[in-house]
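Some notes on the structure that comes next.
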Amino acid sequence: MHRRGFLAAGLATVLVNRRAAAQMKMDNMPGMGGHAGHDMGAAPQGAATLPEGEALRELPLLANEANTPGLLKAKLTAEPATARFAEGIDTPILGYNGMSPGPLIEATEGDRVEITFANRIPHEASTIHWHGMPVPADQDGNPMDPVAAGSERSYSFELPEGSAGSYWYHPHPHGKTAEQVYRGLAGAFLVKPKADPIPAEYGDTVLVFTDLRLAADGTMPDSTMVDLMNGRVGDHVLVNGQKNPALTVPFGTRRRFRLYNATNARFLRLSFDGAPMTIIGTDGGLLEAPVAADDILLSPAERLELVVSFDKPGPATLYTLDYDRGWMGAGRPADTGLTLLTVNVSETPAELVPPLPEKLRSIAQLDSPSVNRRFVFTETMTMGATDMEMGFLINGAAFDMNRVDIVAKAGEIELWEIVNKADMDHPFHVHGTQFQVVERERDGQVSKAPYLAWKDTVNVARGETVRLLLRQERPGPRMYHCHILEHEQLGMMGIVDVQA
Ligand SMILES: [Cu+2]
């Protein structure tokens, strides 16, 4: 490979010096390295300790300035702020309206949304991308539409009937997305249905997972080469900004939870200890019928809606299970057995617990695609004289903002085949629409999707092929990319131009 080409491409590769590369090879061998903290200058020694067990915070709602039914008019400002994660230590963060996660945005399908976005991040462009939402391309915060530091713009869109779901919002500027998100910019956007089949008695609790690396002095260290290659994984998984917060519920109750993986790169395989889980919804809203689950995998950017039954008094914890998503070099995070949330089930019995309906809604199955497309994900590693160069590619190319990768037609159903020929899992996301996963293939074995669901992000495990059906309804350029944000930034992204 030519150095000059890489330098011209700027962000499209990581340079790793030879010694570090040799170290990484060693760490990939069984019994060597791994797990024992970060090497290559990742986490500084003496990372901060965070308090646990505080009452779970409800995310503050974004205030609606309109008095007209059916209109959400509001302001979101991205700005430097401080947060207190560790006792007595202020941490400089980036916040939406001063907060991380940002305020919870709630609207109802059929509503019109008008949000004025002010970018007060010094010297950095930003955007707001409405992750998973059916918004016009020019309102979707593409990297091609930056909002310069110190300026404002308005994002306006209508939420169509049937669009209820657990969406989120985050920045998507060219070359700065990963850093702006890990510094704090992400929030949940909940679109409610006009009639909700889930009993109101279950509540509706939003749990936004973020991932924090905090030095002893309370600052967030810059990303290292290991972070760029694997995606940045922190030292603490937070729920609504808190470490292992606590929630008290009466015994015998059922609770509805919306789980958001808003981390840059952390895979969350989760289970509730002592409380059965039922999946009721995915990224783009409810399933047709509830599905019982022993554990769930939430890859970066995915969401799930659960109903959890708290049938016996005592603590029930939401904890992590091991999941090997492929790791390069030292510092594979010790992911197993982290407690993310503690639910204290009291001796007081719940008063009225209506049953979960057997049918939640109908989902029209997409079929008969008129176009088939194939996207091959690869990681490239080239040893130069002094450096190793790494690239993250789709169909052999790194992202170029001035290149349209594919042209599609609005309203047509397409079959997309995502082939992961790389050594790490890559969660695949496409803007502007929801898709239906059809099947997965690995080593010639095909398994059909376990249930029909609307999704905008799907994990494609290393060595796996995922086939999905999608239809873009609105014209304009749309991004598709790996949602490990460092991989997206390093080139694993393309543009589909949807034409009317
Ligand atoms: Cu990736």
Side-chain angles (χ1 to χ4, degrees), residues 9 11-14 16 24 28 42 129 131-132 143 170-172 174-182 186 209 211 223-234 261-269 283 297-302 323-329 331-333 335 374-381 388-400 405 416-431 435 437 440 442 455-466 468 479-496:
L11 289 156
T13 55
V14 193
V16 181
M24 283 191 300
N28 274 338
H129 167 55
H131 184 117
H170 63 77
H172 218 303
H174 185 57
K176 279 285 179 187
T177 299
E179 185 180 340
Q180 290 185 5
V181 173
Y182 81 68
F209 300 115
D211 196 4
S223 283
T224 64
M225 289 180 291
V226 167
D227 293 328
L228 294 176
M229 285 187 296
N230 294 288
R232 179 183 173 109
V233 173
N261 188 337
T263 70
N264 279 42
R266 192 183 275 263
F267 287 65
L268 296 167
R269 192 177 152 225
D283 307 331
L297 177 66
L298 212 56
S299 72
E302 279 187 301
Y323 179 75
D324 185 5
R325 48 83 148 200
W327 190 268
M328 300 187 123
R332 185 190 161 202
D335 269 335
R374 186 176 154 90
F375 301 86
V376 180
F377 282 43
T378 52
E379 297 146 8
T380 58
M381 236 190 270
M388 183 190 69
E389 293 158 343
M390 265 209 87
F392 292 88
L393 312 175
I394 302 177
N395 291 345
F399 177 63
D400 179 347
D405 294 276
W416 285 25
E417 184 176 61
I418 320 298
V419 184
N420 186 346
K421 290 192 176 172
D423 295 322
M424 286 182 260
D425 288 16
H426 295 288
F428 177 79
H429 169 53
V430 58
H431 290 198
F435 53 73
V437 175
R440 295 170 178 272
R442 181 198 286 274
K455 290 187 59 59
D456 54 58
T457 309
V458 63
N459 187 42
V460 188
R462 49 219 164 108
E464 189 177 56
T465 294
V466 171
L468 54 90
M479 325 305 296
Y480 54 88
H481 60 89
C482 172
H483 222 286
I484 289 180
L485 293 176
E486 287 74 11
H487 293 173
E488 175 263 309
Q489 200 156 306
L490 290 166
M492 217 170 230
M493 177 154 71
I495 298 176
V496 49

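Counting starts at 1 for both ligands and their atoms, following the listed order. Every heavy atom of this structure was used, including side-chain atoms; hydrogens, water molecules and symmetry mates were not.
For Arg442, the side-chain contact (heavy atoms from CB on, under 4.5 Å) criterion is met by Ala461, Glu464, not counting sequence neighbours. Listed by chain and number, the residues in a salt bridge (Lys or Arg N to Asp or Glu O under 4.0 Å) with Glu302 are Lys455 (sequence neighbours excluded). For the side-chain contact (heavy atoms from CB on, under 4.5 Å) test, residues two or more places apart in sequence or in another chain that qualify with Arg462 are Asp324, Asn420, Asp425.
Take a cut-off of 2.8 Å around the Cu ion (ligand 1): the protein N, O or S atoms inside it are His426 ND1, Cys482 SG, His487 ND1.
His129 and Thr177 share no donor-acceptor pair across their side chains, judged by distance under 3.5 Å alone.
Here the side chain of Thr263 pairs no donor or acceptor atom with the backbone of Asp211 at under 3.5 angstrom.
Here the options are His431, His426, His170, the test is ring-ring contact (aromatic ring centres under 6.0 Å, His included), and the partner is His483; only His170 passes.
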